[in-house]
There are 2 protein chains.
Amino acid sequence: MESGAEAAVERKCPIETVIHVLGGKWKPMILWLLVDSTKRFSELEKLIPEVTQKMLAQHLRELENDRLVTRTVYPSVPPKVEYSLSEYGKTLVPVMEVMCEWGETHQRPGSKQAVLAPAIPM
Amino acid sequence: MESGAEAAVERKCPIETVIHVLGGKWKPMILWLLVDSTKRFSELEKLIPEVTQKMLAQHLRELENDRLVTRTVYPSVPPKVEYSLSEYGKTLVPVMEVMCEWGETHQRPGSKQAVLAPAIPM
DNA sequence: GCCCAAGCTTACTTTCAAGTAAGTACCCTA
DNA sequence: TAGGGTACTTACTTGAAAGTAAGCTTGGGC
């Protein structure tokens, strides 16, 4: 309930704040797709086939409460709702890029036994 | 079981990889404390009073499996165990710093109704 | 011979995020 | 009047993460 107050929760560690706003299972993906362009609910559904409507709606609402995305409703029939990154949401993009870069290095697909940091000399 | 294989899990999104390694409730705090200096188990316990021994041990094990921290056992009695950031773990520090910076701005302690991005012009 | 410290492990319980499946509202078209 | 498209909501279930509380090991001091 009252998820609108989430942002006001006092978090001791600022890193946890970032993990909180990005921590939902589909949130990084949603934000990443919105970096390119505004998307409709149904477009996001198609672009993220594994997500359910419930989780997509819930995560979009949380991102909206955290003011990272903007929701625009066009009162037409059938309804049309557009989601886009807010100006504030855009400030997260460089953070996501840094995380992405480290994550890619960390992953190292293909090498099962030496996935981590094989190239760093001790 | 076999938590050593965790790093080999294929994650679609590299950002999720970072969230995974930092995502435990106490992990950012643990890593942050280890940036300064090597710490003993009991020191970490005192520095993070709310953490239980179980969770501290579990998170340290996971961080060790992800090769971010190094565990050194001194076979003395009573036992002495030291944890420190590995060279690889240090590569995460700049990422944490960027996250920390954004998180601090996001938090804005004191202002309850305008916690988020009050200064960005539309 | 008993307790203590340090660094854990184990068994059990609670909490919460996520998934499943179904239903709702709106008007339009056939 | 039946069905379709869009954007959801609601009730219920599952599973993983975290918390609680207790136990274990080892040798040294009292």
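Not measured: the values here are computed from a predicted model. The chains referred to below are lettered A, B, ... by the order of the sequence lines, with proteins before strands, and numbering in each begins at 1.
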| request: Evaluate side-chain contact (heavy atoms from CB on, under 4.5 Å) for Val21(B) paired with Trp102(A), printing each intermediate quantity in order. | output: CA-CA 11 Å; Val21(B) 300; Trp102(A) 193 92; 4.0 Å; yes

| request: Determine, step by step, whether Arg61(B) and Glu64(B) satisfy the salt bridge (charged side-chain N to carboxylate O under 4.0 Å, His left out) criterion, reporting the C-alpha distance in whole Å, the side-chain angles of both residues, the deciding distance to 0.1 Å, and the verdict. | output: CA-CA 5 Å; Arg61(B) 207 52 34 95; Glu64(B) 198 195 351; 3.8 Å; yes

| query | So Lys27(B) and Glu62(B), salt bridge (charged side-chain N to carboxylate O under 4.0 Å, His left out) or not? Walk me through it. | reply | CA-CA 9 Å; Lys27(B) 286 183 186 177; Glu62(B) 287 171 11; 2.8 Å; yes

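Of all heavy-atom pairs between His106(B) and Asp66(A), the closest is CE1-O, 4.1 Å.
Rounded to whole angstrom, the span from the CD atom of Gln58(B) across to the P atom of dT10(C) amounts to 12 Å. Taking atom CZ on Arg61(B) and atom C1' on dA17(D), their separation rounds to 18 Å, with Å as the unit. A straight line from NZ of Lys25(B) to P of dG19(D) spans 4 Å, rounded to a whole angstrom. Atom CD of Gln53(B) and atom P of dA11(C) are 17 Å apart (whole Å). A straight line from CD of Glu50(A) to C1' of dA18(C) spans 14 Å, rounded to a whole angstrom. Rounded to an integer number of Å, the gap from His59(B) NE2 to dC8(C) P is 15 Å. The nearest whole Å value for the distance from the CG atom in Leu56(B) to the P atom in dT20(D) is 15 Å. Atom CG in Leu63(A) sits roughly 14 Å away from atom P in dA17(C) (whole-Å rounding).
Using modelled atom types and a 3.5 Å distance limit, the side chains of Tyr88(A) and Arg67(A) yield no donor-acceptor pair.
Distances were taken from every side-chain heavy atom of Ala57(A) (C-beta onward) to each of dA21(D), dT6(D), dT9(D); the shortest belongs to dT9(D). Considering only side-chain atoms of Lys54(B), the nucleotide from dC8(C), dT20(D), dG7(C) that sits closest is dT20(D). Side-chain proximity of Thr52(A) to dG7(C), dT20(C), dA6(C): nearest is dT20(C). Nearest to the side chain of Met55(B), among dA18(D), dA7(D), dG23(D), sits dA18(D). With distances taken from any side-chain atom of Pro79(A) to the nucleotides dG7(C), dT6(D), dC8(C), the minimum falls on dT6(D).
Proximity of Arg40(B) to the phosphate of dG7(C): a side-chain N or O atom is located under 4.0 Å from OP1 or OP2. Contact between the side-chain N/O atoms of Ser42(B) and the OP1/OP2 oxygens of dA5(C) is not found at any separation under 4.0 Å. In this model, the phosphate group of dC26(C) is not approached by any side-chain N or O of Tyr74(A) to a distance below 4.0 Å at OP1 or OP2.
Remark on DNA chain C: of its neighbouring residues Pro78(A) and Leu60(B), the 5'-side contact belongs to Leu60(B), judged by nearest-heavy-atom nucleotide.
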